[in-house]
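Scroll down for the structure; my scribbles are underneath it.
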2 protein chains.
Amino acid sequence: MEEARLAVSRHAADLFWKHGVDGTSGDAIAEAAGLSKRTVWRYFRSKEACAEPLLLATELRFAAYLEAWPRSQSLEAYLLATMRAFVGDEQYVRDGVAAARLVAMLPKEPALRSAWLMACAQAEEQFVRVVAARTGRSPEEFDVRLCAATAMAALRLVDEEISSAAINGGRHFTLDELSGRIAAAIRVACTLPICDPVED
Amino acid sequence: MEEARLAVSRHAADLFWKHGVDGTSGDAIAEAAGLSKRTVWRYFRSKEACAEPLLLATELRFAAYLEAWPRSQSLEAYLLATMRAFVGDEQYVRDGVAAARLVAMLPKEPALRSAWLMACAQAEEQFVRVVAARTGRSPEEFDVRLCAATAMAALRLVDEEISSAAINGGRHFTLDELSGRIAAAIRVACTLPICDPVED
DNA sequence: AGAGATATGGCACTAAGTGACAGGCGGTGC
DNA sequence: GCACCGCCTGTCACTTAGTGCCATATCTCT
């Protein structure tokens with residue numbers, strides 16, 4: 001079910017990238033995904049929303065890995081390690097490129113921006129759990145949610161910057177650069193001390 | 001023009017509040033605003049987007065006041081003073097209540113959430129300018145944008161919490177409480193030292 | 001007065017999105 | 001084996017969000 005939505009999202013992202021959001025119809029998405037229009041509208045509330053699962057997938061896998069973040073490891077070390085693991089996963093890399101393309105077209109496509117922000121908002125939820133786990137506090141606490149929100153804001157900014165530089169600017173990034181910039185931004189943004197090893 | 005959009009937005013927000021987003025049609029908004037449907041769709045790309053100007057108005061007036069933030073004053077002092085000024089402005093208060101209502105219905109109305117996030121994203125731009133001015137750095141710098149993003153994330157969270165408590169929970173807030181909580185959250189979230197008086 | 005830029009309305013039209021009903025298909029009980 | 005169930009999907013008619021195109025009003029500049 002969630003996997004099916006993601007599959008549709010991959011096709012939608014591809015079409016959005018090739019023809020723009022306005023240039024791709026709901027019918028085209030349905031056809032590319034091999035589904036009836038009706039089913040597509042059952043999966044998504046709107047055309048832009050078709051982009052969400054793909055956008056979310058990248059952030060979510062990221063967050064999912066953070067859930068497994070050992071308390072004894074620093075953010076930098078863990079991030080670099082997980083990103084090394086990621087590049088072995090072909091699907092992940094493909095999704096990452098597709099997502100970056102979408103993010104890179106945000107300035108031109110206001111409709112995509114709302115999908116992007118919605119995806120970030122969902123990923124924020126996941127972050128709340130990570131912060132809660134790492135600080136041993138409740139996900140309801142304001143400070144916990146605040147820390148998750150600022151961390152997510154940092155990740156979003158870095159993502160936007162890197163995606164634009166890579167796609168529009170043709171720049172290249174090494175894994176160390178990528179994980180380093182993400183970690184640095186998150187470290188600065190976090191309002192709770194979660195980035196360094198925590199003792200139990 | 002911008003004023004006209006805001007006027008439509010006020011009517012739309014009212015209808016959204018009364019009948020829900022799905023329960024209000026574009027025609028209804030147009031009629032309430034005394035405009036043709038055609039003009040409404042010229043003003044807004046989508047139905048949800050009709051909510052943006054109102055949502056934005058509150059944050060933007062807030063940010064506009066921050067632009068005038070004297071370098072010698074702390075965040076807390078200035079916020080309290082400006083909010084005292086705000087309550088004298090009837091229109092502002094009405095808009096604030098209407099905006100709070102919309103924010104309070106976010107959990108039930110996914111469509112509104114995207115409008116809300118878009119408004120926050122726009123307000124973030126304004127924040128970038130404030131942070132740049134107060135630190136004497138360029139609005140292009142990553143650190144400046146990061147600080148604006150985290151501050152905006154804090155403001156968003158507080159807004160969501162307070163709106164929900166006030167509208168859904170029937171709670172009451174004094175000006176000191178309001179400005180205090182906003183200031184506290186922003187102070188914690190900021191990644192650059194803009195909250196205290198800056199010497200020139 | 002007349003040319004041009006800008007804002008609006010009217011109306012036909014396209015495309016996004018929904019409701020209602022009818023299968024298809026994998027369990028589960030017997 | 002079959003009847004039953006819940007769940008997902010497709011079809012098709014339908015509503016409503018949203019656009020293209022042209023006519024008209026208003027305003028400004030000369």
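Naming: A, B, ... by sequence-line order, numbering from 1 per chain. Values below: every heavy atom of this structure, side chains too, minus hydrogens, waters and symmetry copies. The structure displayed is predicted, hence computed values, not measured ones.
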Interatomic distance, A:Trp41 CH2 vs D:dC14 C1' [rounded to whole Å]: 16 Å
Listed nucleotide nearest any side-chain atom of B:Ser46, set C:dC11, D:dT11, D:dG18: D:dG18
Separation of D:dC8 C1' from A:Glu3 CD (nearest whole Å): 17 Å
Atom pair distance, as rounded to whole Å: CZ in A:Phe44 and C1' in C:dT18: 17 Å
Any N/O pairs under 3.5 Å between the protein and nucleotides 23-27 of chain D? List them or say none.
none

Protein-nucleotide distance (A:Glu48, atom CD; C:dA15, atom C1'), rounded to Å: 13 Å
Integer-rounded Å distance: D:dT16 C1' and B:Lys47 NZ: 8 Å
Partner set under side-chain hydrogen bond (donor to acceptor under 3.5 Å, both in side chains) for A:Glu161, not counting sequence neighbours: A:Arg181, B:Arg145
For A:Arg84, salt bridge (charged side-chain N to carboxylate O under 4.0 Å, His left out) partners two or more places apart: none
Residues forming a ring-ring contact (aromatic ring centres under 6.0 Å, His included) with B:Tyr92, sequence neighbours excluded: B:Phe86
B:Ser36: partners by side-chain hydrogen bond (donor to acceptor under 3.5 Å, both in side chains), with sequence neighbours left out: B:Thr39
Set of side-chain hydrogen bond (donor to acceptor under 3.5 Å, both in side chains) partners for A:Glu2, sequence neighbours left out: A:Arg5
Worked verdict on A:Glu67 versus A:Gln126 for side-chain hydrogen bond (donor to acceptor under 3.5 Å, both in side chains): CA-CA 9 Å; A:Glu67 300 242 41; A:Gln126 198 84 6; 2.9 Å; yes
Partner set under salt bridge (charged side-chain N to carboxylate O under 4.0 Å, His left out) for B:Arg38, not counting sequence neighbours: none
Separation of atom NZ in A:Lys37 from atom C1' in D:dA13, rounded to whole Å: 11 Å
Rounded interatomic separation in angstrom, taking CZ from A:Arg5 and C1' from D:dT9: 16 Å
Results of side-chain contact (heavy atoms from CB on, under 4.5 Å) for B:Asp143 - residues two or more places apart only: B:Arg137
Could you pull out the protein-nucleic contacts involving nucleotides 4-8 of chain C (nitrogen or oxygen on both sides, under 3.5 Å)?
residue	atom	partner	partner atom	Å
C:dT8	OP1	B:Tyr43	OH	2.9
C:dT8	OP2	B:Tyr43	OH	3.1

Counterpart residues, salt bridge (charged side-chain N to carboxylate O under 4.0 Å, His left out), relative to B:Arg129 (two or more places apart): none
Of the listed nucleotides C:dT18, C:dG10, C:dG17, the one nearest the side chain of A:Arg38: C:dT18
Those residues that, when tested against A:Glu3, pass side-chain contact (heavy atoms from CB on, under 4.5 Å) (two or more places apart): A:Leu6, A:Arg10
Rounded interatomic separation in angstrom, taking CZ from A:Arg45 and P from C:dG17: 9 Å
Using a cut-off of under 3.5 Å, enumerate the N/O to N/O pairs linking the protein to nucleotides 23-26 of chain C.
none

Neighbour count >12 (heavy atoms, 6.0 Å) for atom CD, B:Glu141: yes
